Amino acid sequence: MKRLFNLIVLLMLVSVSAMADDSYTDVDNIQKFIETISANPSAHIRLTADINLSDTHTGSLSGVTFKGVIDGKGTDKDGYDIVYSIIGLGKNTAVAPLFKDMSSATLQNLCIRSFRLVDESDDNLGVLGRTVSECHFTNVVFSDISVFCDEDYAGAIAGQAFNCNFRGVKVLGCDISVDGQYAGGFVGSSQNCFFYDCINSMSSGVFADGSWGDAYAGGFVGKSDKDTFQYCANLSLVCGDDDRVGGITGYSDHSNFWQCSNSGMVVQGDEEDYLASRAELMKKIQEYQQGSENHLKIMFATLFGSVAEWTALGLAEFGLLLGGVALGVSLVTVGGIIFAVGFAATIIEGIIFFADAHDELGGICGYALGGSFKECANYSQCATRDMYVGGIVGQTWGKSSDRCVIETCLNQGSISGYEHVGGIVGCCEYTDVSNCLNTGPLSSYCKIENDIYGIDAGVNTFSNNYFKAKKYNVNSNEFKAVTEEQLNSGQVAWWLNGGNGTSDAPWRQTLSGDNKDRYPPLDNSHDIVTEENLSGRYTVSTADELMAFAAEVNKGAHPSYIVYIGSDIDMKDRVWTPIGTEDNQFVGLCFGGGHTISNL
C-alpha cells in the first residue's frame, strides 16, 4: 500500500511538472512573439530561436504592459546550452521600446541586442519600456543598445526600476544619453532594487547633460534609492555635465554597496568632454586586443574569486568586453559570445576626470545620503578643478541616528582637485570610516590633511585607516602613513584585518612567488596573510641580537621590520637603550611567541 501511495505521488509530481512545462509557449519568430503577447500579456514564452525584429513589426507591443515570462535558454545540436536573442534593427535605425512597461515579469537566460531608441518629447526610455516594476532579471545580456532621451530618465533596460531583482545581468557596449537628468547603464533611477553579480562593461557610455539641475549619472543607475548592490562592477565611461556622477551611481539615498568595484572612465564635463573620453577609451581597449576581429582572447582578472578565461566571438557586432569574471564558471552562448556566469572586476585601470567646476564625483558614488560601502574598490584616476572628489565617494552625509558607513575599502587611483580631495571620501559628515587603504597619490591646490578624507564636516569617526607615506606624515589611531616596505611585507594587510589570519579576512596578499602582490588587494583568490607568511621577518633569540636590532632601528634602519622573538631573553647586566627614537620610530610588528624578555 505504501509503495502504491508513493507511486501515485510520483506520478502526480511528474504530471504537475509536465503541466508547468506545457504552460510555456514555444516561439521561434517575431510574428508569433507579437501574437502570443498581444493575446496574453502574462504569457510564458520559451524562445526556440533568435527573434529578429523587422520594420513592419517595430512598435507592435509598445502599448502593452508585459507581465509574463521570457526564457531564452535552449540547447544546440551538440547538446550545449545556448541563449537566444531578441534582435533589433541595429544602432542606425530607431525603433520603439519592446513594451510600454513591465510589471511582475521575468526575463531569464536571454540576450537583447542591436536596438536604437530615440525620444525627443518624453521622460523614461529603455529597450524594455518606460518603467519596470516588481520584475526579475536573471542571466540577461543587454548589448549594442543606444538610448537617446531629450528629457529625464534613461537606461539600457528602462527609464526607472521599482522593487526589481537583477542577477547576473550584463550591459555591454551600450550608449545612454539624456538632455536632462538621471542616466544609468541599467536604468535612469531605481528604488528598492537588488543588483547581484552584474556588470556594466567597457566600450559603453552614459551621459547626462543636467540642463536643469544636477546630472545624476552612474554606470548602473543615475539615482539610487534604498537599493542593494553586491558583486557589481562598472567598466564603462560615465559622464555628467553637472554634479553627482559615479561609477556605480551618481546619487545614493540609503543604498548599500558590498564588494563593488569601479575601473571605468567617469567624466564630469560637457558633451565634447564625453566624446573625447570615448575616443580615449576606445584607444585603451585597442591596446588590450589580442588576435583577430572574430576571435579575441581576453584574460579576465577577478576581484572576489578565481581567475577565469573567456573566449569571445563576433565582438565587432557586440562591442568589446574587457573586464573580469569570477565565482562558479558556467559557460553559456549568448548570440555568438561565450559567457562565464560570475562576478566581474577588471585589471585595466580607468580614468575619472572632472572637467569643469562641479562637485561630488566618486569612483563608486558621487553623493551618498546614509547607506554603506563595504569591501568596495576604485582603480581609476580622479581629477577635478573643484571639490568633493573621492576614490569611493565624493560626498557623504548622515545624521546621528542614521550614519553613513565606509568600511574595508580600497583606492589605488590618482586623485586630484582644487580642494577637499580624499583617497576614500572627499567630504564626509556623520560618517564612520574604518579599515580602509589608499595607495593612490593625491594632489590639490589647497592643503591635504591626510589621504583618507578631503574635509571632515563634523561628527565623523575614523579608525584603522592606512595610506602610503608621502612628503607629509600623519600618524594616529585613526590614520597611519605606511611605507612601501610595510605594504610589500603583508604588515598593512595584517593590520587592516585586525590580526585576523583566517579565511574570512577580507584583505589578502600573495607574499612570495611569481604572483607576489606589491600591495594588499581586496581579492579572496590571493593568499591569506598569517603570522607565518609575513615577509621581512627578523628573528631575535639572544640579548646580543636584541641590542643589535635596537641599534639598527635607532639609526633609521629596519623601522618596519616584522620581529619574532625566538626564545626567552635575559637582559641582566646589559645597558639597554630602548628601541626607537623621536626621529626613528619602530613602526613594525613584534610577535612574542609566548616568550619573556626580562631584566630590562
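As the structure is a computational prediction, the values presented were derived from the model and not from experiment.
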(Q) Under the criterion side-chain contact (heavy atoms from CB on, under 4.5 Å), I'd like the reasoning laid out for F467 against I452: C-alpha separation, chi angles, the key distance, then a yes or no. (A) CA-CA 7 Å; F467 58 87; I452 301 301; 4.3 Å; yes
**Q.** Intermediate values then yes/no, side-chain contact (heavy atoms from CB on, under 4.5 Å), I569 and T542
**A.** CA-CA 6 Å; I569 299 174; T542 68; 5.8 Å; no
**Q.** Interatomic distance, T439 atom OG1 to Y519 atom OH [nearest 0.5 angstrom]
**A.** 6.0 Å
**Q.** Closest approach of C427 to Y388 (non-hydrogen atoms, all atoms of both residues)
**A.** CB-CD2, 3.3 Å
**Q.** Min side-chain heavy-atom separation M571-M547 under 4.5 Å
**A.** yes
Q. With N554, which residues qualify under side-chain contact (heavy atoms from CB on, under 4.5 Å), at least two apart?
A. T577, T581
Q. Can any side-chain N or O of N262 pair as donor or acceptor with the backbone N or O of Y379 at less than 3.5 Å?
A. no
Q. Think R244 forms a cation-pi with Y251, using NZ or CZ under 6.0 Å from the six-ring centre and within 45 degrees of its axis?
A. no
Q.
Checking L522 against T408 for the side-chain contact (heavy atoms from CB on, under 4.5 Å) test, could you report, in this order, the C-alpha distance in whole Å, the side-chain angles of both residues, the deciding distance, and whether it holds?
A. CA-CA 9 Å; L522 278 171; T408 314; 3.8 Å; yes
**Q.** Which atom of T249 lies closest to which atom of F257, heavy atoms considered
**A.** CG2-CZ, 3.6 Å
Q: Test F462 against D456 for side-chain contact (heavy atoms from CB on, under 4.5 Å), laying out the working first.
A: CA-CA 10 Å; F462 303 93; D456 179 351; 3.7 Å; yes
Q.
Checking the side chain of D568 only, and the main-chain atoms of T596 only, is there a donor and an acceptor separated by less than 3.5 Å?
A. yes
Q.
I'd like to know if the side chain of H526 pairs up with that of D517 as donor and acceptor (distance under 3.5 Å, no hydrogens or angles considered).
A. yes
Q | Donor-acceptor pair, side chain of N234 and main chain of G247, under 3.5 angstrom | A | yes
Q. Do F229 and W258 have ring centroids that are under 6.0 Å from one another?
A. no
Q | Rounded distance (nearest 0.5 Å) linking atom CD of Q491 with atom CD of E485 | A | 8.0 Å
Q: Would you mind reporting whether Y466 and Q486 have side-chain heavy atoms less than 4.5 Å apart?
A: no
Q.
Could you measure the distance from the CG atom of L369 to the SG atom of C404? Nearest 0.5 Å is fine.
A. 8.5 Å
Q.
Quick check: closest heavy atoms across T396 and V393, and the distance to 0.1 Å?
A. CG2-CG1, 3.6 Å
(Q) Can you classify the ring geometry of F166 versus F186 as parallel (below 30°), tilted (30 to 60°) or perpendicular (above 60°)? (A) perpendicular
Q: For residues R518 and Q509, report the shortest heavy-atom separation together with the two atoms involved.
A: O-NE2, 3.6 Å
Q: Would you mind checking if R508 and D523 are paired as a salt bridge, meaning a charged N to carboxylate O distance below 4.0 Å?
A: no
Q. Between D570 and K572, is there a donor-acceptor pair closer than 3.5 Å when you use the side chain of the first and the backbone of the second?
A. yes
Q: Can you establish whether the number of heavy atoms outside D504 located under 6.0 Å from its atom CG is more than 12?
A: yes
**Q.** Exercise: identify the closest heavy-atom pair between P520 and L410
**A.** O-CD2, 4.3 Å
Q. If only atom types and distance count, is the side chain of N378 paired as donor or acceptor with the main-chain N or O of S380 below 3.5 Å?
A. yes
Q.
I'd like to know if the side chain of E545 and the backbone of S541 have a donor-acceptor N/O pair within less than 3.5 Å.
A. yes
(Q) Main chain of S255, side chain of D227: is a donor-acceptor contact present, judged purely on distance under 3.5 Å? (A) no
Q | Rounded distance (nearest 0.5 Å) linking atom SG of C376 with atom CD1 of I424 | A | 10.5 Å
Q) Are the side chain of N497 and the backbone N or O of A493 linked by a donor-acceptor pair below 3.5 Å? A) yes
Q: Return the orientation label for the F195 and F220 ring planes: parallel under 30°, perpendicular over 60°, tilted otherwise.
A: perpendicular
(Q) I'd like to know if the side chain of S263 reaches the main chain of L235, judged simply by a donor and an acceptor atom lying under 3.5 Å from each other, with no hydrogens or angles considered. (A) no
Q. With a 4.0 Å cut-off, would you call D544 and R574 a salt bridge?
A. yes
Q) Below 4.5 Å, heavy atoms only, C-beta onward: do V238 and V245 meet side chain to side chain? A) yes
(Q) I'd like to check V529 versus W507 (side-chain heavy atoms, cut-off strictly below 4.5 Å). Are they in contact? (A) no
Q) With no hydrogens and no angle check, is any side-chain donor or acceptor of N533 less than 3.5 Å from a backbone partner on I528? A) yes
Q) Is it the case that T461 and D432 place a side-chain donor and acceptor less than 3.5 Å from each other? A) yes
Q) Any idea how W397 and Y430 line up, ring-wise: parallel (<30°), tilted (30 to 60°), or perpendicular (>60°)? A) perpendicular
Q: Could you pull out the closest heavy-atom pair between G250 and C365, with the gap in Å?
A: O-SG, 4.4 Å
Q: Please check if any side-chain donor atom of S224 sits under 3.5 Å from a side-chain acceptor atom of S252, or the reverse.
A: no
Q: With rounding to the nearest 0.5 Å, note down the distance linking OG in S190 to CG in D225.
A: 8.0 Å
Q: Please step through salt bridge (Lys or Arg N to Asp or Glu O under 4.0 Å) for the pair E429 and K399, ending with a clear verdict.
A: CA-CA 8 Å; E429 186 173 5; K399 53 187 179 180; over 6 Å; no
Q) In Å and rounded to the nearest 0.5 Å, what is the CZ to CD distance from F373 to Q259? A) 15.0 Å
Q) Are N256 and T228 linked by a side-chain donor-acceptor pair shorter than 3.5 Å? A) no
Q. Are the side chains of I415 and V389 in touch, meaning some heavy atoms are under 4.5 Å apart?
A. yes
Q: Taking the side chain as every heavy atom from C-beta outward, state whether Q230 and D197 have any pair of such atoms under 4.5 Å apart.
A: no
Q.
Quick check on side-chain contact (heavy atoms from CB on, under 4.5 Å): which of N465, I406, N464 does N435 satisfy it with?
A. N464
